[in-house]
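Data first, discussion second: the structure below is written as structure tokens.
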Number of protein chains: 2
Amino acid sequence: MKNKILLTGDRPTGPLHIGHYAGSIKNRIEMQKEFETFIMVADAQAITDNYDNVAKIRENVYEVVADYLACGIDPAQANIFVQSMIPELPELTQYLLNLVSINRIGHNPTVKAESRQKGYEESVPAGFYLYPIFQVADIIAFDADVVPVGRDQAPMLELARDVAGKFNAQYGDSILVEPEALFPEMVINLPGIDGNKMSKSLGNAIYLKDSREVIAKKMKKMKSDPTRASISDPGDPDKAIAFTYLDIFDKDVEGVAQLKKEYRAGGLGDGVIKQRALEVVDAFIAPIRKRREEIIADTALIEKVLAAGTAAAREKSHKTLKRCKEAMGLNYDFLSLVTS
Amino acid sequence: MKNKILLTGDRPTGPLHIGHYAGSIKNRIEMQKEFETFIMVADAQAITDNYDNVAKIRENVYEVVADYLACGIDPAQANIFVQSMIPELPELTQYLLNLVSINRIGHNPTVKAESRQKGYEESVPAGFYLYPIFQVADIIAFDADVVPVGRDQAPMLELARDVAGKFNAQYGDSILVEPEALFPEMVINLPGIDGNKMSKSLGNAIYLKDSREVIAKKMKKMKSDPTRASISDPGDPDKAIAFTYLDIFDKDVEGVAQLKKEYRAGGLGDGVIKQRALEVVDAFIAPIRKRREEIIADTALIEKVLAAGTAAAREKSHKTLKRCKEAMGLNYDFLSLVTS
């Protein structure tokens with residue numbers, strides 16, 4: 001018996017990487033057992049900064065679903081759905097927009113940073129500027145009690161709580177659930193091969209679909225201790241990204257400690273560490289990759305999962321929207337006569 | 001055979017007044033014969049600055065429809081519908097938001113003036129700030145070729161043309177109609193009893209539902225030439241609002257000219273002019289008022305009209321939205337499997 005609802009999701013801008021796995025998917029596989037789970041493939045949000053390349057978003061919807069299923073998201077436990085197929089979300093947004101100032105929406109530090117990064121400057125597309133309030137509607141529409149997020153997304157959850165609270169104060173107690181941020185304890189921020197945060201856009205990611213050959217090539221480019229001139233010099237394992245990977249993926253903890261010791265002393269080549277990182281990362285990815293290959297070839301399976309998840313998501317969000325409109329008084333008597 | 005589509009509408013913040021009649025309803029009664037007509041009761045837009053008094057908006061929906069029907073809007077010719085019952089409108093807005101900058105939306109001079117008037121200053125509610133782009137979606141959703149507007153609304157139509165043009169450039173030729181502003185030639189800007197623009201919020205309006213007694217009281221308060229100290233002094237008819245009403249409503253053009261002559265010469269009391277204005281305005285309103293009384297008592301009629309209009313509006317806007325989503329590529333194969 002699941003008493004609480006959880007909403008989470010991803011933007012389908014590309015397939016998922018091992019950073020996604022470590023940072024959220026692993027956690028979701030646990031949480032789906034405990035919470036009534038809705039996982040949103042956020043195509044409409046992804047379009048806000050990809051309106052000139054919707055094909056990319058469209059193509060990656062099925063890729064992301066294949067990643068989910070291959071990792072162990074269980075469609076019997078979690079409703080996987082496509083955001084743009086839920087018209088209740090923009091309709092609810094329309095009413096939430098009345099309860100927050102335009103400036104407050106723009107004060108989200110993550111959106112500001114992303115805007116700068118994209119060079120939008122004075123000409124931020126309205127859809128992108130507003131995506132935090134659309135996110136708030138996503139959360140509220142599913143009566144989500146919890147949303148697992150990183151610390152940087154805390155302001156968005158604060159906005160969701162504020163808006164839900166204002167709605168309740170204005171239109172009736174407990175109409176909307178005031179959601180809470182869940183900061184998962186076990187989450188690991190896996191760096192990309194260049195040492196920065198792993199990210200599709202930075203080109204430093206290892207994907208769950210990558211073949212051993214592709215992983216091997218990426219490992220070769222992996223950042224080592226840049227202060228070390230030759231193999232015989234002492235090195236700092238904290239500056240060699242391959243060691244970070246060993247810390248996470250290598251079950252032989254003592255072996256890794258021994259390698260670090262040798263690295264510090266000098267004489268241990270980075271190629272050895274990277275080869276070992278390749279072995280443990282590929283051993284982790286291999287079964288996911290195998291399942292993923294089967295799933296991505298089975299379009300009917302993916303479509304069945306999305307159809308069921310989307311139907312469940314529509315049903316849930318439709319109930320919330322109906323409750324909101326009734327609370328506002330937008331339940332006209334002539335409605336029963338409308339046939340279309 | 002009507003080849004072109006017209007969209008128009010009103011915010012249901014109160015019953016309609018004779019300024020509405022002279023400024024737009026009269027024109028619509030002609031245009032409904034020529035154009036496929038959609039008339040929107042814009043409750044969702046009215047809520048953007050009445051979110052704390054939705055009951056007022058809700059109650060006035062039926063009042064406005066009664067006014068329409070009493071004046072001669074013909075539901076066999078024109079689809080009268082309620083905005084909040086068309087979920088396609090906010091859904092379409094969501095995609096249009098990606099094609100315009102947040103600053104451009106805020107640059108609408110009418111919205112800026114209204115914002116100042118309402119004292120929003122730095123804390124403009126997002127729904128109110130954004131209503132021009134929601135209006136654009138209203139227009140675009142119905143493939144409206146023309147929108148009859150006053151000169152002050154020209155920037156909104158320009159925004160609609162820009163956004164439709166950008167959508168077509170991005171997603172495919174001729175997906176959306178680029179609407180044109182129609183500045184009706186015969187429109188009369190009828191002043192309120194204080195000489196300012198007739199407006200619900202200024203309390204200077206004569207309503208289509210006003211009884212003869214109510215009209216008489218309002219006529220007594222009507223502004224006269226303020227420079228005239230006594231009846232024997234010469235007066236300026238252009239400064240006496242009652243004369244403006246006679247110019248519009250009195251069919252005895254020569255009689256009015258004679259009265260103006262006497263007023264200029266001095267000796268003609270304002271009470272005489274106001275009494276005559278009362279006669280002609282009441283003669284104009286009386287048949288509308290009578291029909292209106294019958295209609296407002298016939299809730300079933302109003303609901304039948306709204307149900308039919310809303311069904312037609314949903315069908316039309318749904319087609320447009322479907323065309324838009326297909327053009328964008330948001331037509332997933334799993335859709336046929338979604339049952340809800």
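FYI, side chains are in, hydrogens and waters are out, and symmetry mates aren't considered; it's all heavy atoms of this structure. Reminder, nothing fancy here: chain letters follow the sequence lines and each chain counts from 1. This one's a predicted model, so the numbers in the text were calculated from it and none came from an experiment.
Both the backbone and the side chain of Leu306(B) come within less than 4.5 Å of a heavy atom of chain A. Contacts of Tyr129(A) with chain B are made by side-chain atoms alone, with heavy-atom separations under 4.5 Å and no backbone atom involved. Proximity to chain B (any heavy atom under 4.5 Å) is restricted, for Leu130(A), to the side chain, taken from C-beta onward. Residue contact with chain B, scored on non-hydrogen atoms closer than 4.5 Å, involves the side chain of Asp43(A) exclusively. With a threshold of 4.5 angstrom between heavy atoms, Val305(A) does not approach chain B through any atom at all. Only the side chain of Lys325(A) has a heavy atom closer than 4.5 Å to any heavy atom of chain B. Residue contact with chain B, scored on non-hydrogen atoms closer than 4.5 Å, involves the backbone and the side chain of Leu330(A) alike. For chain B, no part of Tyr120(A) is nearby; none of its heavy atoms comes within less than 4.5 Å. Looking at Asn50(A), neither its backbone nor its side chain comes within 4.5 Å of chain B, counting heavy atoms on both sides.
Put simply, of Val100(B), Val61(B), Leu99(B), the one with the most heavy-atom pairs under 4.5 Å next to chain A is Val100(B). Of the residues considered (Gly127(A), Ala126(A), Gly309(A)), Ala126(A) shows the highest number of contacts with chain B, using heavy-atom pairs under 4.5 Å. Among Ile105(A), Leu96(A), Asp52(A), Ile57(A), the residue with the largest count of heavy-atom pairs under 4.5 Å with chain B is Asp52(A). Across Asn103(B), Val82(B), Asp333(B), Thr93(B), the residue that shares the most heavy-atom pairs under 4.5 angstrom with chain A is Asp333(B).
Across every non-hydrogen atom of Tyr171(B) and Tyr51(A), the tightest pair is OH-O, 2.6 Å. Nearest heavy atoms, Ala44(B) versus Tyr95(A): CB-OH, 4.2 Å.
Within residues 85-92 of chain A, the residues approaching chain B closer than 4.5 Å by heavy atoms are, in numerical order, Met85(A), Pro87(A), Pro90(A), Glu91(A).
For the side chain to side chain contact (heavy atoms under 4.5 Å, CB included) test, residues two or more places apart in sequence or in another chain that qualify with Glu158(B) are Arg104(B).
Remark: the backbone N or O of Asn331(A) is paired with a side-chain donor or acceptor of Arg58(B) at under 3.5 angstrom.
Contact of the Phe334(B) side chain with the Val65(A) side chain is not registered, since no non-hydrogen atoms from C-beta on lie closer than 4.5 Å.
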